Amino acid sequence: MINPLRGMKDISFDDSARFTHIVKISIEVAKRYGYNYIETPILEETTLFKRSVGESSDIVGKEMYQFVDKGGNDVCMRPEGTAGIVRAFVSAKLDRQAMKHKFYYYGPMFRYERPQKGRLREFHQFGCESFGESSVYEDFTIIGMVAQIFNELNIGYDLLVNSLGCPKCMPVYRINLISFLSVIKNELCEDCNRRIDTNPIRVLDCKNKKCQSLLVDSPKLINNLCAECDEDFKKLTELLGKTDIGYKIDTNLVRGLDYYNKTAFEFISNDIGSQSAIAGGGRYDKLVEYLDGKSTAGVGFALGIERIMELVKIPQSQREGYYMGIMTPDAIDSILLLAVQKRKSNKATVEYKSKGFKSHMKGADKANARYALLIGEDELKNGTVWIKDLDSGEEKTILVDDI
RNA sequence: GUGGAUGUAGUUCAGCUGGUAGAGCACCUGUUUGUGGCACAGGAUGUCGCGGGUUCGAGCCCCGUCAUCCACCCCA
């Protein structure tokens, strides 16, 4: 027997119903905000992710499905969606227009990690990317859109927001932080010492208690933002405060991807295990330039469909359509042609095998059909069908022509 | 990559100090060839993850391996 690869799952039955429900609601909401569908390749040049997601990130550093194809190209299964969308944006030369562009997408992403609850090697995201709008009002609007999706899916969440600064204030802060950390270096844990070089901001949310006690007086980015970043972040929280979207400022919130600046946010849930992020996103004003485009502001988010599947309850499926069966083999042609007609507008399940009445009734019930439609010897002879509404119990025999 | 737990029927799980493989749910067939959900009766189903070892004998003990789950890490 051949099983799916490690960390990869088949999605069917109840799961696929939840999956499509999440995608459907997300699309409906995104369309209301003016987003259009975009589909980009799953396989891209490895360079794309190195230059966008960043070589210092874990995603690029150790989690990529990377290989050389038969043409000798260094390629990679996409680990996230934004890089490909930005590449497509630049490829289509949309960066040379003054227009704003908004895209939504969904599909599989691949990361070579050790699987656990809520963490798969192949997983699915739904996401949106807004290009050409540098205003913080767009950040607010995007966060509101995610909140709306979750509200319509009827699931609870906590929202964390932070500002990561911009090329003016972030590098200055980073140097300050590194010098602060260097002083206490010997007392910090092994992981933190590694982080000082790779991603010093990560040291701030180390779970080690000793580290935390040493970090109480560390400089916080939120207090070292430049005037513009500070003003935008205040505006964002002010606006969020005026809505019913609850939020918490998390100064340690650092997204694992290098391209973010200014607004960063994460939606989390306490009900799905330790992998609690159900959506994340932020602003990436430099990313288009990194990928050889003309400087264009960008902001977006992605939500993890499998993680949200753990949270959504879908309503019990209603009885729908027809179950069609025969109790005399001669009636097979009649029932088939009837099904052809019915299927022009309704769901119809046909049992080809001639069976007893009771057996058909059980079959109709299992098929979750609203109506059982049967042809037996009498009906065949009279040119009629017997039909029963399985919800109301009402039944009648009518002429084939009157259906 | 590190640590821990678990692999027995479609599924959830039992299986004693080693002695011929079990239950619930689900499934199939019946309960006057014409009334589903309910009830009753009957039935099918296993390379006990895989490979080796110990033993007269291994689902159980030992070694290896693979997979799953949980946590770290990281993230959706």
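Residue numbers begin at 1 in each chain, while the letters A, B, ... track the order of the sequences. Values in this document were obtained by computation on a predicted structure and should not be read as measured data.
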Can you tell me if [X] touches the phosphate of [N], counting only side-chain N or O atoms and a distance under 4.0 Å to OP1 or OP2?
X        : N      : answer
A:Lys9   : B:rC69 : yes
A:Ser274 : B:rC72 : yes
A:Gln116 : B:rC70 : no

Notebook entry, point to check: So which of A:Asp14, A:Ile22, A:Ile314 actually passes side-chain contact (heavy atoms from CB on, under 4.5 Å) with A:Met309?
Noted result: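 Exactly one candidate clears the test, A:Ile22.
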Checklist line | Nucleotide forming a Watson-Crick or wobble pair with B:rC13, both distances under 3.5 Å | finding: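 Matched B:rC13 with B:rG22 under the 3.5 Å cut-off.
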Notebook entry, point to check: Taking a pair as Watson-Crick or G-U wobble with both distances under 3.5 Å, which nucleotide is matched to B:rG7?
Noted result: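 B:rC66 - that is the nucleotide pairing with B:rG7, both distances being under 3.5 Å.
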By nearest atom, which of the nucleotides [options] is closest to the [X] side chain?
X        : options                : answer
A:Lys358 : B:rA76, B:rU31, B:rA71 : B:rU31
A:Lys117 : B:rA71, B:rG37, B:rU35 : B:rA71
A:Gln275 : B:rC72, B:rG34, B:rC69 : B:rC72
A:Asp58  : B:rC73, B:rC69, B:rG36 : B:rC73

Next item on the list: Answer yes or no for A:Arg121 and A:Tyr112: cation-pi contact, defined as NZ/CZ to six-membered ring centre under 6.0 Å and angle to ring axis within 45°.
Entry: yes
Notebook entry, point to check: So does A:Arg119 reach the base of B:rA76 with its side chain, donor to acceptor, closer than 3.5 Å?
Noted result: no
Notebook entry, point to check: Between A:Arg114 (CZ) and B:rC69 (C1'), how many Å, whole number?
Noted result: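 So the two atoms are 11 Å apart, to the nearest Å.
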Item checked: Donor-acceptor pair between A:Tyr106 and A:His124 side chains, under 3.5 angstrom -> no
Check: Does the ring of A:Phe123 lie flat against the base of B:rA76, closer than 5.5 Å centre to centre with planes under 30°?
Finding: yes
